[in-house]
Each structure stands twice: as C-alpha cells, then as structure tokens.
Amino acid sequence: MPTSQAKLIRQNWLNVGQGHQIYVAQYGNPDGIPILYLHGGPGAGCSIADLALFDLSIYHVILLDQRGAGRSRPRGELKHNTLQHLLSDIESVRCWLNISRWMLAGGSFGATLALIYSAYYPSRVLSQVLWGLFIPSDDGIAALYGQSVAASVFKKHYQQFTGRCDADVDLVQLFAEYRAGLNHQCADIRQEFAMRWQRWEMTLAYPCHMFKSRNTAFSQSLASIELYYVANNYFGAFAKLSQQTPLIQCRTHILQGEFDWVCPMKLLKNFLQQQQTPLLTVTEIKGGYHALADAKMAKAVINAIREMAKQ
C-alpha cells in the first residue's frame, strides 16, 4: 500500500507541559505490535513517507514529533526543550497510549534518543532497530561540524557552510554566528543561514544527491533546534550513553553505512568497544550512506524491521 493511502488510526496533540504540545499519529494495525518511530535532527519531525519502513498489517506504528519539531506546537520552540524533556515525553506517550512494552525504530539522533530511552526504561522496550546512530561526544561533534573528518573530504562544501576559506574554525564562534543569523530580523538572512546549515548536513547524509529545501518555516526550525542541541552538547547525551548503555535489556540491531559522514562508523565502533553490551549487534552496510534516500540503507532497515517482528 502506498504510504499516502495508509489508514490513520488517530492523531492527537498531547499536552506535555511548559507550553508544549507534541504531535502523535498512529497508523497500521491497532491490534498489532506497537512500535515507536523516533525521527532525527533533533528537530526533523516525522513524515508519512516514514511509514514505508513498516509492514502496516503487522505493526501499530506511532509517529512522534519531538518538542518543537514537525507538527508539534509551538514550532521551533527552544524553551523547555532538552534531552530529558524528550525522554520524559516518550514515556508520557507510552503511558497515555496504555502500552506496557513496545519496539523502537529510529535513525541518526533518533537512534541516539532510542538507545538512551531503552537504557533508562529497560523493562519497556521489547527490541529495537536503529540506524545511522549518532555518538554525541566531542569527537562526534568535531567530526560533523569541525574542520577534520567530513570537512577534509568535502572541502568546498565546508567552506560554504562556515563562510570561511581559512582552515581555522572555532566551533563556539561558528555556532554563535549561526544563532545570530537564524535569529536575524531580516527573513532573507534567516533563510540563508538555515539553507547553509541544511545543505551541509545533506551533503554528508547523501553525497551527490541534489539538495531540495523544504518550506521556509520547517528549514529554519530544524536548523535552530539542531544548533541549540549541539551548542549545548546535546544536554549530556554522551555521558548518559556511556553510563547507561550496559543497562539495556532488549535486542538492539544497529545498521551503519560504510560511508556515513554524519555518524562515522569508526566513532560507533570506538564507543561500543567500551561498553559491555552483548544484546547490541552492529551491521555495516557496504556502500551505504546516512540518509534513507540511499537505497542500500533503506533496504537494510526495512528488512531489519521486518525481521524484528518475528522475534
């Protein structure tokens, strides 16, 4: 069934406090296996196209737009928007839906969020499939936004991202410049900074793929939320991952592209080598990138989610 024809079970805006209402949409089989899809960014929001990952005759799919993202309200809101808030919101959704245990699926920062949630609430997660897992460490941030790793491969694109031709890039200063640009009183300047931010990330997610911007409000809120999180070191996400990952009690399958420049495989391997996590398995997708627009990654994720239903 085309995802555009997928039957909506129910959609709601759940009030989670501090002025935030998060958008929750349910699709598929209402009596099926409950599975929560966690989008990336942070700030990307869910799309009905994401339903293509799931067999809707088997799964009861829950799409959740995290605080400030997608159709959640207010769009782009940064106040009371931290990692702990996102984790609490996930648990609020589970309780609101009266689901005892569920499966998780998520990519990029959504995979990071799922891994942390499954460590904090181990009895609530049956199993999970994650891809393009982002390691929010200093090395992870430097690899994505710094002047080594991805920047050394995509030099011209990095110069466009930073607005600099010299090699000396201070991330604190760069992030401050982007915040000023995204908050500028001139709409054209705000959009210019949002497009530069997105263009850099899309270059790394799926190189050689033509960048197509979404609507202005979406692109600005996405860039703003992503910048807010990275400028605040993802609110201690790496420390939480490092401390809590050994507490995970569910089967966890991670798929990482060989050419994932957003979340390099080397960083993931280095992180997992320090963890005692027998329930975690990692598959490197040969020739795969970060984005699910890459057919190799999409096929691997769809197959893994299909197999998870058989467990």
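Heavy-atom basis, side chains included; hydrogens, waters and symmetry copies ignored.
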Between the side chains of [X] and [Y], is a donor N or O closer than 3.5 angstrom to an acceptor N or O?
| X | Y | answer |
| --- | --- | --- |
| His85 | Ser88 | no |
| Gln220 | Gln191 | yes |
| Ser72 | His20 | no |

Measure the shortest side-chain to side-chain distance between [X] and [Y] over non-hydrogen atoms and say whether it is less than 4.5 angstrom.
| X | Y | answer |
| --- | --- | --- |
| Ile248 | Thr277 | no |
| Phe134 | Tyr234 | yes |
| Gln160 | Trp200 | no |
| Cys263 | Gln256 | yes |
| Lys240 | Leu83 | yes |
| Cys250 | Leu279 | no |
| Ser118 | Ile116 | no |
| Leu86 | Tyr229 | yes |

Taking ring-ring contact (aromatic ring centres under 6.0 Å, His included) as the cut-off, I'd like each qualifying pair that reaches into residues 30-51, sequence neighbours left out, listed once.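 Qualifying pairs, neighbours excluded: none.
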ring-ring contact (aromatic ring centres under 6.0 Å, His included) pairs, two or more places apart, involving residues 57-79: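 Every candidate ring-ring contact (aromatic ring centres under 6.0 Å, His included) pair involving residues 57-79 fails, so no pair, neighbours aside, qualifies.
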State the [atom1]-[atom2] distance between [X] and [Y], to the nearest 0.5 angstrom.
| X | Y | atom1 | atom2 | value |
| --- | --- | --- | --- | --- |
| Met265 | Ile254 | CE | CD1 | 9.0 Å |
| Arg71 | Phe218 | CZ | CZ | 11.5 Å |
| Ile22 | Asp65 | CD1 | CG | 9.0 Å |
| Leu126 | Ile35 | CG | CD1 | 10.0 Å |
| Leu133 | Ile135 | CG | CD1 | 4.5 Å |
| Tyr145 | Leu204 | OH | CG | 9.0 Å |

Can you list the steps and then say if Ile90 with Trp102 is a side-chain contact (heavy atoms from CB on, under 4.5 Å)? CA-CA 11 Å; Ile90 294 173; Trp102 53 6; 3.7 Å; yes
According to side-chain contact (heavy atoms from CB on, under 4.5 Å), who are the partners of [X], at least two apart in sequence or on a separate chain?
| X | result |
| --- | --- |
| Ala223 | Leu182, Ala194, Trp197 |
| Ser242 | Phe238, Phe271, Gln275 |
| Ser152 | none |

Atom of [X], atom of [Y] and distance for their closest heavy-atom approach:
| X | Y | result |
| --- | --- | --- |
| Ser224 | Leu78 | OG-CD1, 3.8 Å |
| Pro74 | Gly19 | CD-O, 3.4 Å |
| Met103 | Ile33 | SD-CG2, 3.7 Å |
| Asn29 | Ser57 | ND2-O, 3.2 Å |
| Ser221 | Gly76 | CB-CA, 3.7 Å |
| Trp261 | Pro207 | CD1-CG, 4.2 Å |

Hey, quick one: are [X] and [Y] part of the same hydrophobic cluster, counting side-chain heavy atoms closer than 4.5 Å, chains of contacts allowed?
| X | Y | result |
| --- | --- | --- |
| Val153 | Ile141 | yes |
| Phe54 | Leu8 | yes |
| Leu267 | Leu144 | no |
| Ile99 | Ile9 | no |
| Met202 | Val149 | no |

Any chance the rings of Phe235 and Tyr228 have centres within less than 6.0 Å?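 Ring centres of Tyr228 and Phe235 closer than 6.0 Å.
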Is Gln173 reaching over with its side chain to a backbone N or O of Val169, donor-acceptor style, under 3.5 angstrom?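 It does not hold such a pair.
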Tyr121 six-ring face occupied by Arg124 cation (under 6.0 Å, within 45°):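 Here Arg124 fails the 6.0 Å and 45° test against Tyr121.
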Taking atom CZ of Arg251 as the centre, does the number of heavy atoms from other residues, nucleotides or ligands within less than 6.0 Å exceed 12?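 No.
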Are more than 12 heavy atoms, taken from residues, nucleotides or ligands other than Asp138, located less than 6.0 Å from that residue's CG atom?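 Incorrect, the count does not exceed 12.
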What residue pairs, at least two apart or across chains, pass side chain to side chain donor-acceptor pair (under 3.5 Å) with a residue in residues 90-101?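 Residue pairs with at least one partner in residues 90-101: Glu91-Arg94, Glu91-Tyr117.
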Charged N to carboxylate O under 4.0 angstrom, Arg75 versus Glu77?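 No, this pair does not count.
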Kindly determine whether Leu14 and Gln21 satisfy side-chain contact (heavy atoms from CB on, under 4.5 Å), including the steps that lead there. CA-CA 5 Å; Leu14 181 62; Gln21 293 180 321; over 6 Å; no
Show me the side-chain donor-acceptor pairs of residues 304-311 shorter than 3.5 Å, one per line, residues at least two apart or across chains.
unit_1	atom_1	unit_2	atom_2	d
Arg306	NH1	Asn303	OD1	2.8
Glu307	OE2	Lys310	NZ	3.0

In the hydrophobic clustering that connects Ile, Leu, Val, Met, Phe, Trp and Tyr at side-chain heavy-atom distances below 4.5 Å, which members other than Trp13 occupy its cluster, ordered by chain and number?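 Members other than Trp13 - counting any ILVMFWY side chain reachable under 4.5 Å - are Tyr23.
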Leu38 vs Leu36, test: side-chain contact (heavy atoms from CB on, under 4.5 Å). Steps then yes/no. CA-CA 6 Å; Leu38 292 170; Leu36 174 68; 3.7 Å; yes
Just do the side-chain contact (heavy atoms from CB on, under 4.5 Å) check on Val24 and Leu63 with the steps written out, would you? CA-CA 6 Å; Val24 182; Leu63 302 182; over 6 Å; no
Output every pair passing salt bridge (Lys or Arg N to Asp or Glu O under 4.0 Å) with a member in residues 78-90, not counting sequence neighbours, ordered by first then second residue.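 Residue pairs passing salt bridge (Lys or Arg N to Asp or Glu O under 4.0 Å), neighbours aside: Arg67-Asp89.
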Under the salt bridge (Lys or Arg N to Asp or Glu O under 4.0 Å) definition, can you give me all pairs with a residue in residues 175-191, not counting sequence neighbours?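 Non-adjacent pairs meeting salt bridge (Lys or Arg N to Asp or Glu O under 4.0 Å): Arg164-Glu177.
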Qualifying residues under side-chain hydrogen bond (donor to acceptor under 3.5 Å, both in side chains), relative to Thr252, sequence neighbours excluded: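 By the side-chain hydrogen bond (donor to acceptor under 3.5 Å, both in side chains) rule, Thr252 matches Gln128.
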Mind telling me whether Phe161 and Tyr158 have parallel, tilted or perpendicular rings, with 30° and 60° as the class edges?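 Rings of Tyr158 and Phe161: tilted, 30 to 60°.
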Enumerate donor-acceptor pairs with a distance under 3.5 Å from any side-chain N or O in residues 290-297 to protein atoms, sequence neighbours excluded.
unit_1	atom_1	unit_2	atom_2	d
His290	ND1	Asp260	OD1	3.1
His290	ND1	Asp260	OD2	2.8
His290	NE2	Ser108	OG	3.1
Asp294	OD1	Lys296	N	3.3
Asp294	OD2	Tyr289	N	2.8

